[in-house]
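Notes follow the structure.
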Amino acid sequence: MSVGFTRAQMAARVAQDIPDGSYVNLGIGMPTMVGDALPADKEILLHSENGILGMGPTPTPEQFDPELINAGKQPVTLLRGGAIFHHTDSFMIMRGGHLDICVLGGFEVSERGDLANWSTGEPTLAPAVGGAMDLAIGAKRVFVMMTHTTKDGRSKVVRDCRYPLTATRCVDRLYTDLAVLQVEDDGLHLVELGPGVSTEQLVASTEATLHL
């Protein structure tokens, strides 16, 4: 039996916390899975920073349009009434505080809600800043979706980020394969454990101090 949330379960857990009527940006990578996990009884308008509002789920082969892609260059659909517009207008939506929630990936999140998600400083890897800084500051709430540890077992939920920061104290809620954590003024509070995950396992996998 596998332990913890699968990526699909993480996406569904994020979707569960998005209120009906929200305007939401889904960042590149794992967060794009949230778009296919949104419940049908909610009307949630998805924004993509390359200039889409009203983005729909992943297309079927019959719906595929090579001209319609999200910011991660993945094919998407456009809901009825959706809009395509200039990149500048898209960033005005992001910077102007018009998004209720953005869901971003992360390399590290600190116990104060600092986010590092654009560069590890590795000389062989190009930084991938995109619009993450604009989203982290411009959205009313920031959700981060990432694995709890690196492939070699190092915690990505840390006391202080080692990588360059995207923004300080911007993260509201963190979704990992091991748990859902809420960022409060006094640190990280456990909201929910992943399937089969014990509090002892969570603490052992987390560098940051947790309020259980």
Side-chain angles (χ1 to χ4, degrees), residues 7-8 10-107 109 113 115-119 126-146 164-175:
R7 293 191 172 205
M10 290 168 64
R13 186 61 187 79
V14 174
Q16 177 186 324
D17 285 348
I18 299 175
D20 190 18
S22 297
Y23 290 78
V24 179
N25 179 284
L26 302 179
I28 293 171
M30 202 188 308
T32 60
M33 297 176 65
V34 175
D36 288 334
L38 294 172
D41 61 347
K42 290 182 179 178
E43 185 179 19
I44 294 169
L45 282 175
L46 296 181
H47 166 269
S48 184
E49 71 184 60
N50 57 326
I52 303 174
L53 186 63
M55 188 170 59
T58 302
T60 63
E62 294 74 21
Q63 295 172 320
F64 174 73
D65 178 352
E67 300 293 329
L68 188 56
I69 58 173
N70 64 16
K73 300 180 181 177
Q74 297 171 310
V76 295
T77 53
L78 192 65
L79 300 179
R80 185 175 183 181
I84 298 173
F85 39 84
H86 193 273
H87 208 199
T88 302
D89 297 322
S90 182
F91 270 70
M92 290 177 70
I93 290 174
M94 293 155 59
R95 294 174 179 173
H98 303 294
L99 294 173
D100 296 302
I101 295 171
C102 71
V103 185
L104 297 172
F107 294 141
V109 171
L115 171 64
N117 79 341
W118 67 281
S119 175
V129 63
M133 294 175 182
D134 307 85
L135 289 164
I137 296 300
K140 294 170 185 169
R141 298 174 71 194
V142 175
F143 293 170
V144 171
M145 186 179 172
M146 67 181 191
L165 292 183
T166 305
T168 60
R169 296 179 180 271
C170 64
V171 180
D172 295 280
R173 184 164 279 202
L174 174 60
Y175 302 81

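This one's a predicted model, so the numbers in the text were calculated from it and none came from an experiment.
For the side-chain hydrogen bond (donor to acceptor under 3.5 Å, both in side chains) test, residues two or more places apart in sequence or in another chain that qualify with Arg13 are Asp17, Glu192. With sequence neighbours excluded, the residues forming a side-chain hydrogen bond (donor to acceptor under 3.5 Å, both in side chains) with Asn70 are Gln74, listed by chain and number. For Thr58, the side chain to side chain contact (heavy atoms under 4.5 Å, CB included) partners two or more places apart in sequence, or in a different chain, are Asp36. Qualifying side chain to side chain contact (heavy atoms under 4.5 Å, CB included) partners for Ile69, counting only residues two or more places apart in sequence or in other chains: Asn50, Lys73. Judged as a side chain to side chain contact (heavy atoms under 4.5 Å, CB included), and not counting sequence neighbours, the contacts of Ala139 are Leu99, Cys102. Every residue meeting the side-chain hydrogen bond (donor to acceptor under 3.5 Å, both in side chains) condition with Arg95, not counting sequence neighbours, appears here in chain and number order: Asp134. Residues that satisfy the side-chain hydrogen bond (donor to acceptor under 3.5 Å, both in side chains) test with Thr77, not counting sequence neighbours, are absent from this structure. Applying the salt bridge (Lys or Arg N to Asp or Glu O under 4.0 Å) test to Asp172 and every residue at least two apart in sequence or in another chain returns nothing. Lys140 pairs by the salt bridge (Lys or Arg N to Asp or Glu O under 4.0 Å) definition with Asp100, not counting sequence neighbours.
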What do the steps show when you test Met146 against Asn117 for side chain to side chain contact (heavy atoms under 4.5 Å, CB included), and what is the final call?
-> CA-CA 10 Å; Met146 67 181 191; Asn117 79 341; over 6 Å; no
Intermediate values then yes/no, side chain to side chain contact (heavy atoms under 4.5 Å, CB included), Ile84 and Leu68 = CA-CA 9 Å; Ile84 298 173; Leu68 188 56; 4.0 Å; yes
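With Ser119 contributing its side chain and Pro164 its backbone, the two residues share no donor-acceptor pair below 3.5 Å.
When all heavy atoms are compared, the tightest approach of Trp118 to Thr166 is CD1-OG1, 3.4 Å. Scanning all heavy atoms of the two residues, the minimum distance from Ser48 to Ser90 falls at O-OG, 3.5 Å. Nearest heavy-atom pair across Ile137 and Ala167 is CD1-CB, 3.7 Å.
In summary, of the residues considered (Leu53, Leu38, Ile52), a side chain to side chain contact (heavy atoms under 4.5 Å, CB included) with Leu46 occurs for Leu38 alone. The only option from Ile18, Ile101, Ile44 that meets the side chain to side chain contact (heavy atoms under 4.5 Å, CB included) definition with Val34 turns out to be Ile18.
Sorted by first and then second residue, the salt bridge (Lys or Arg N to Asp or Glu O under 4.0 Å) pairs involving residues 60-71 (not counting sequence neighbours) form an empty list. Annotation: ring-ring contact (aromatic ring centres under 6.0 Å, His included) contacts involving residues 72-94, sequence neighbours excluded, comprise His87-Phe91.
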Mind listing the side-chain donor-acceptor pairs of residues 19-31 below 3.5 Å, one per line with the distance, residues two or more places apart or on another chain?
from, atom 1, to, atom 2, distance (Å)
Asp20, OD1, Glu43, N, 2.6
Ser22, OG, Pro19, O, 2.7
Asn25, ND2, His47, O, 3.3
Asn25, ND2, His47, ND1, 2.9

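Taken from CE in Met55 to CG in Leu45, the straight-line distance is 10.5 Å, to the nearest 0.5 Å. Remark: Gln16 CD to Lys42 NZ distance equals 7.0 Å, nearest 0.5 Å.
Counting heavy atoms from C-beta on, the side chains of Val109 and Cys170 never come closer than 4.5 Å.
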